[in-house]
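Down below is the structure, laid out as structure tokens.
As the structure is a computational prediction, the values presented were derived from the model and not from experiment. Letters A, B, ... mirror the listed sequences (proteins, then strands); counts begin at 1.
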2 protein chains.
Amino acid sequence: MTVTETAAGRLVRIGEVARAAGVSTRAVRYYEQQGLLISERSPSGQRLYRQDAVTLVRFFQQMFAAGLTSRRIAELLPCWDSGHTDADQRAMLRAERDRIQAKVDDLQAALDRLDEVIAITDTHP
Amino acid sequence: MTVTETAAGRLVRIGEVARAAGVSTRAVRYYEQQGLLISERSPSGQRLYRQDAVTLVRFFQQMFAAGLTSRRIAELLPCWDSGHTDADQRAMLRAERDRIQAKVDDLQAALDRLDEVIAITDTHP
DNA sequence: CTTGCCTTTGACGTTAACGTCAGGTTTTAG
DNA sequence: CTAAAACCTGACGTTAACGTCAAAGGCAAG
């Protein structure tokens, strides 16, 4: 309990963030390099993250799974941080939303194709 | 109309296949190299495909979009060609089906997150 | 003090489905 | 016949999100 532990929360090292979020430390360093995470540094140079970094990393994983690049996520981060958005950001949000929706439709179509084949091959031993 | 043009259908060159399926000729050669397509060769060495190759290529595109690798598609091709499947193939079919379904769920979750943000930023100019 | 785990920077490796260029042959349109 | 368009093989380039290894420091426990 040092003087620096105020309402801002406890600071955690990279390993704890990685374990809590279910990713590698390499991934966390990569996110920081891409401008997705910010860290303070201990006197010896070790990264210290705020504990909400764990939530952020989980969110990044979800966006990556949806096909967003780290660049795009970085461009849209202000929408979460500040709640403020300009016209460009709103357009990007809708574009990504539409792209994901199209992808869902594609996947659903592929799923239907596979289910057809499964049904046929199951009744056709 | 040569003697070889029987009920098997007309043979088309790679460019026609590519255009009809909406891909590059490079992609078609790649598919053949991966064992997804078969071609006869003209006396001068040009690839000649059966016209149903177009349907196949479109199908490959759909499977690629669903995250299947060319290797996996090649392993499952007999399920379409012959209708016959062994236990391994049926297991693979279900595994891919489940993986795609999980991916759809992930995408839907990401979509909901984005829609939340869009709703907030739209009412919060 | 030393053992062992955690962290650092730096840099090369991976993967899949092609893109792209080079240099040469073939087919087609006129 | 000739020029353009299409085709061939071969081979290197691309991309994103990390994996992996190297060499070296840092930190609590016993």
Here the distance between atom P of C/dC18 and atom CD of B/Gln34, to the nearest Å, is 10 Å
Between B/Phe64 and B/Phe59 (judged by ring centroids, cut-off 6.0 Å), do the two rings come close enough to count as a pair? no
Is the distance from OP1 or OP2 of D/dA17 to the nearest side-chain N or O of A/Tyr30 less than 4.0 Å? yes
Are B/Glu32 and B/Arg29 ion-paired here, with the side-chain N under 4.0 Å from a carboxylate O? no
To the nearest Å, how far apart are A/Gln61 CD and D/dA17 P? 11 Å
For the pair B/Asp98 and B/Lys103, find out whether any cationic side-chain nitrogen is under 4.0 Å from an anionic carboxylate oxygen. no
Using whole Å, report how far CG of A/Leu36 lies from C1' of D/dA16. 13 Å
Residue-phosphate contact under 4.0 Å: A/Tyr31 side-chain N/O, D/dC18 OP1/OP2: yes
Closer than 4.0 Å, any side-chain N/O of B/Arg71 to the OP1 or OP2 of C/dT15? no
Quickly work out the B/Glu16 CD to D/dA5 P distance and round it to whole Å. 18 Å
Does A/Ser24 put a side-chain nitrogen or oxygen below 4.0 Å from OP1 or OP2 of D/dG19? yes
Rounded distance in Å - CD (B/Gln33) to C1' (C/dA17): 11 Å
Report the nucleotide, chosen from D/dT9, C/dA17, C/dT7, that has the shortest atom-to-atom distance to any side-chain atom of A/Thr25. C/dT7
Taking B/Glu16 first and then B/Arg13, would you say they form a salt bridge - that is, a charged N and a carboxylate O separated by under 4.0 Å? no
Atom CD1 of A/Ile73 and atom C1' of D/dA16: how far apart are they, to the nearest Å? 11 Å
Taking OP1 and OP2 of C/dT8, is either one under 4.0 Å from a side-chain nitrogen or oxygen of A/Ser44? no
Does atom CZ of B/Arg71 have more than 12 heavy-atom neighbours, drawn from other residues, nucleotides or ligands, at distances under 6.0 Å? no
If you look at every strand shown and take non-hydrogen atoms under 4.0 Å, does A/Leu68 touch a base, only sugar-phosphate, or nothing? sugar-phosphate
Check this one for me: any side-chain N or O of A/Arg47 less than 4.0 Å away from OP1 or OP2 of D/dG26? no
With the side chain defined as heavy atoms from C-beta on, A/Ile14 is closest, among C/dT8, C/dA17, D/dC7, to C/dT8
Rounded to the nearest Å, what distance is computed from the CZ atom of residue A/Phe60 to the P atom of nucleotide D/dC18? 11 Å
Contacts of B/Thr69 and B/Arg26 projected onto DNA chain C by closest heavy atom; the upstream (5') one is B/Thr69
Can you check the B/Arg19 CZ to D/dA6 P distance for me, whole Å? 6 Å
Would you kindly compare A/Arg29 and B/Ala27 by the position of their nearest DNA chain C nucleotide and give the one closer to the 5′ end? A/Arg29
Is the shortest side-chain N/O distance from A/Ser42 to OP1 or OP2 of D/dG26 below 4.0 Å? no
